[in-house]
2 protein chains.
Amino acid sequence: MVKAEQSPEQSMAAEERILKAATTIFREKGREGARMQEIADAAGINKALLHYYFRSKDLLFERVFIESARLFFSRLNEILQSERDIFQKITQLCDAYISLSVENPFIPVFIIGEMNHSQDIFISKMFTATQTRPDFSIFREQLQAAAAEGMIRPVAPHHLIMNILGLCIFPVIAKPMMQFNMGIGEKEFIAMMEERKRLVPELIISSLKIEKK
Amino acid sequence: MVKAEQSPEQSMAAEERILKAATTIFREKGREGARMQEIADAAGINKALLHYYFRSKDLLFERVFIESARLFFSRLNEILQSERDIFQKITQLCDAYISLSVENPFIPVFIIGEMNHSQDIFISKMFTATQTRPDFSIFREQLQAAAAEGMIRPVAPHHLIMNILGLCIFPVIAKPMMQFNMGIGEKEFIAMMEERKRLVPELIISSLKIEKK
DNA sequence: AATTAGTTTAACCAACCGGTTAACAAAGAT
DNA sequence: ATCTTTGTTAACCGGTTGGTTAAACTAATT
């Protein structure tokens with residue numbers, strides 16, 4: 001029987017080292033760019049051990065991708081389904097996704113890049129595997145309720161979500177381009193993203209408020 | 001002498017067929033994912049001919065990348081440096097980038113993906129080669145002037161540019177994700193992007209206007 | 001001490017991939 | 001007509017890559 005989960009500490013350490021190395025390298029270089037030998041070297045073990053623990057490159061990649069996707073989407077659902085009102089949720093979403101993207105800049109690039117290179121079947125398989133399919137139902141109801149009460153102007157929820165994600169995540173994705181043609185370094189970029197934690201919710205929320213002329 | 005540009009029609013056709021095939025495949029699968037044999041097959045020629053016209057995979061890729069980047073950024077400068085006022089420019093930018101991204105959805109993914117997998121040196125080399133480095137100077141002055149006149153509230157130009165690009169381009173980049181978890185097909189997606197041609201400029205411009213309480 | 005099951009490695013392999021070679025066809029140039 | 005240049009191909013090459021194998025090494029179990 002091959003039950004890696006119940007094995008002694010050392011082997012757990014090996015498996016974890018592999019997974020950690022694979023995560024780093026896959027995120028950096030993508031599925032095609034990553035080499036199994038490179039992962040093995042980074043984990044400090046023999047290449048054959050990769051296949052002992054994770055049968056193939058595809059399976060190892062799948063594992064890494066699923067965990068990345070889970071990390072990235074779990075916060076989304078947590079916030080969307082909390083008890084807060086829409087304005088608080090918007091602020092939290094922006095804060096969470098800017099922090100997440102700045103701290104792990106490779107993740108959004110990785111997820112988006114691989115999704116665009118994969119077949120749709122793979123994508124749906126991924127989402128069901130992660131069990132982190134975003135659920136907007138509560139948020140959507142909140143928006144409709146607020147609009148009905150006249151608190152905000154009516155908006156299409158998917159546009160709102162896309163606006164938030166685009167404003168928070170795009171700068172990180174386009175970072176190399178932005179850094180180059182704005183001529184800014186790492187510190188200035190982080191400072192700018194910190195500013196956006198305030199600017200983006202402000203922009204979104206002000207667009208929801210009913211204009212008083 | 002090897003001057004492919006001045007060769008007869010048939011060879012031009014071959015060279016163009018290669019370039020067209022390479023463009024399609026590189027954009028779809030990325031630099032690492034693309035295979036020279038696949039490009040040759042798609043162009044309907046022998047693999048050796050690829051190396052005859054474009055010495056190596058790297059050079060072929062560079063060519064494709066530069067032309068993609070040029071296509072993508074040339075519109076940006078055209079609009080930024082025109083004679084229009086800032087509001088017209090913002091509307092034009094949104095319209096242009098949504099159209100461009102919807103018509104060629106692979107291009108933004110391609111450019112951003114490859115930029116994130118490349119070294120900074122490569123990126124600056126690319127930008128100088130394309131001769132399409134975005135120039136915000138005029139736009140920046142216009143913004144300052146408008147703010148000084150009290151027409152708009154003062155804003156940081158780079159935040160504004162990032163907002164516009166993020167709102168227009170992100171949905172296309174995240175399309176497979178969005179399509180899946182919103183459960184929409186191709187036609188609905190295009191319709192949604194068409195809506196955004198109106199929504200995004202509205203959002204941006206309203207955020208610039210000085211609030212009247 | 002022998003057995004057993006899990007872990008780790010060196011060596012190996014077939015397929016693949018980017019690139020080369022040499023021969024050949026086509027078309028001007030002389 | 002033949003010689004040179006350019007376009008095109010089949011076959012090949014060396015290195016790399018994902019993956020395998022069989023044996024060695026551990027560490028509990030008996």
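Protein chains get the first letters and strands the later ones, always in sequence-line order, with residue 1 at the start of each.
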(message) Please pick, from C/dG18, D/dG19, D/dT8, the nucleotide with the shortest atom-to-atom distance to any side-chain atom of B/A14.
(response) D/dT8
(request) Take atom CG of B/L59 and atom P of C/dG18, then tell me their distance rounded to the nearest Å. (result) 14 Å
(message) Using a heavy-atom cut-off of 4.0 Å across all strands, would you classify A/A40 as base, sugar-phosphate, or nothing?
(response) nothing
(request) Report the distance from atom CD1 of B/I45 to atom C1' of C/dG19, rounded to the nearest whole Å. (result) 14 Å
(request) Show your reasoning for whether side chain to side chain donor-acceptor pair (under 3.5 Å) applies to A/R31 and A/H117. (result) CA-CA 10 Å; A/R31 172 189 229 153; A/H117 289 170; over 6 Å; no
(request) Mind calculating the distance between OH (A/Y52) and P (D/dT21) to the nearest angstrom? (result) 15 Å
(message) Nearest to the B/Y53 side chain among C/dT9, D/dG7, C/dG19, which nucleotide is it?
(response) D/dG7
(request) State, to 0.1 Å, how close B/I111 and B/S68 come at their nearest heavy-atom pair, and which atoms those are. (result) CD1-O, 3.9 Å
(request) To the nearest Å, give me how far apart CG (B/L49) and C1' (C/dT20) are. (result) 14 Å
(request) Give a yes or no answer on whether the side chain of A/D120 reaches the backbone of B/P176 with a donor-acceptor pair at less than 3.5 Å. (result) no
(request) Before giving the answer on side chain to side chain donor-acceptor pair (under 3.5 Å), spell out for A/N116 and B/R27 the whole-Å C-alpha distance, their side-chain angles and the decisive distance to 0.1 Å. (result) CA-CA 10 Å; A/N116 276 289; B/R27 283 186 190 162; over 6 Å; no
(request) Consider the side chain of A/A48, meaning its heavy atoms from C-beta on, and name the nucleotide among C/dT8, C/dA10, D/dG18 that approaches it most closely. (result) C/dA10
(message) Need one value for B/L50: base, sugar-phosphate or nothing, where a base atom within 4.0 Å counts as base even if backbone is also close, heavy atoms only.
(response) nothing
(request) Rounded to the nearest angstrom, tell me the gap between atom NE2 in B/H51 and atom P in D/dC12. (result) 18 Å
(request) Show the numbers, then the answer: is there a side chain to side chain donor-acceptor pair (under 3.5 Å) between B/D135 and B/Q81? (result) CA-CA 8 Å; B/D135 181 8; B/Q81 288 167 2; 3.0 Å; yes
(request) Would you indicate which nucleotide in D/dG19, D/dT17, D/dT9 comes nearest to any side-chain atom of A/R35? (result) D/dT17
(message) Could you tell me how far apart A/F61 (CZ) and D/dT17 (P) are, to the nearest whole angstrom?
(response) 18 Å
(message) What is the separation between atom NZ on A/K47 and atom P on D/dG18, rounded to the nearest whole Å?
(response) 7 Å
(request) Just compare C/dC17, C/dT8, D/dG18 and give me whichever is closest to any side-chain atom of A/K57. (result) D/dG18
(message) Could you tell me how far apart B/E16 (CD) and D/dG7 (P) are, to the nearest whole angstrom?
(response) 14 Å
